[in-house]
Amino acid sequence: MEQTLKGDEAGWWVVSDAGQIWLPQGALPNGTATAWALQGKTARQIGEWQGKPVWLVCHNQNADMTSVRQLIDQDAGLFQLAGRGVQLAEFYRSHRFCGYCGHEMVRSKTELACLCHHCKERYYPQIAPCIIVAIRRGAEILLAQHNRHRGNMYTVLAGFVEVGETLEQTVAREVMEESQIQIKNLRYVSSQPWPFPHSLMMAFMADYASGEIRHDPKELRDAGWFRYDQLPLLPPPGTVARRLIEDTVVLCRAYHENGD
Ligand SMILES: [Zn+2]
């Protein structure tokens, strides 16, 4: 429920606009609305963290607006709530008018939705499902350098679910498109909301089945098999990619020490 801040409301403040978040001194503001000069602004509670409300204020503070990536290596719950706020702010900003009839919309008072009173359409935030998969071959893991990443980091394969696909089909298609290999023994591991801009990463592990790696140069700069004890630069801790790689390294080591 949206409310106009009187000033004595307290908690964590996700102040967001245009996909960015306000992080004065690099941290999420915590305290009363007055302490952060937010009184008079419109806010909506979007969760709780450490027993205190987390508020969303859709507003551009001009200074100290930055990417929510700054919070990746902090507490996972805090990063998740900040990402939720940034995505909701983007949803409201991109749904001011109805896509069907063009009339101005209003924000629902009861749920996270925008309503068109003219044609009765109801819009919810869109989430783009995305698969990410770690592939093991014996004591090795398949890692690739993605064109969209700068620097020398290697990570696992990933891609968006297409309309009408199952997750299993997406994994098989992405792995084939990007590396030309076939996999088996696909297992679901976990998921992570990924607010860049509105993905849900669904993480899998799989085993190599057949084929020789030939990477797709449109997506990847390089791809190859890496022994678990000779790994290149990896994604930062806190990412689901890093967790997948670490879980796969455990399997690689067990394979190396005991056989399959
Ligand atoms: Zn409409």
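Atoms within a ligand are numbered from 1 in the order they appear, just like the ligands themselves.
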- prompt: For E165 and T170, does a side-chain donor sit closer than 3.5 Å to a side-chain acceptor?
  reply: yes
message: Can you confirm whether Y208 sits close enough to W225 that some side-chain heavy atom of one is under 4.5 Å from a side-chain heavy atom of the other?
response: yes
task: Would you mind reporting whether H256 and R227 have side-chain heavy atoms less than 4.5 Å apart?
output: yes
query: Hydrophobic cluster mates of W36, side-chain heavy atoms under 4.5 angstrom, ILVMFWY only, any path?
result: L5, W13, V15, W22, L38, W55, V57, M65
- line: Under a side-chain separation threshold of 4.5 Å, the hydrophobic residues clustered together with L233 are M153
- prompt: Can you name the side-chain contact (heavy atoms from CB on, under 4.5 Å) partners of R69, sequence neighbours left out?
  reply: S67, I72, W194, F196
message: Closer than 2.8 Å to the Zn ion (ligand 1), what protein N/O/S atoms do you find?
response: C98 SG, C101 SG, C116 SG, C119 SG
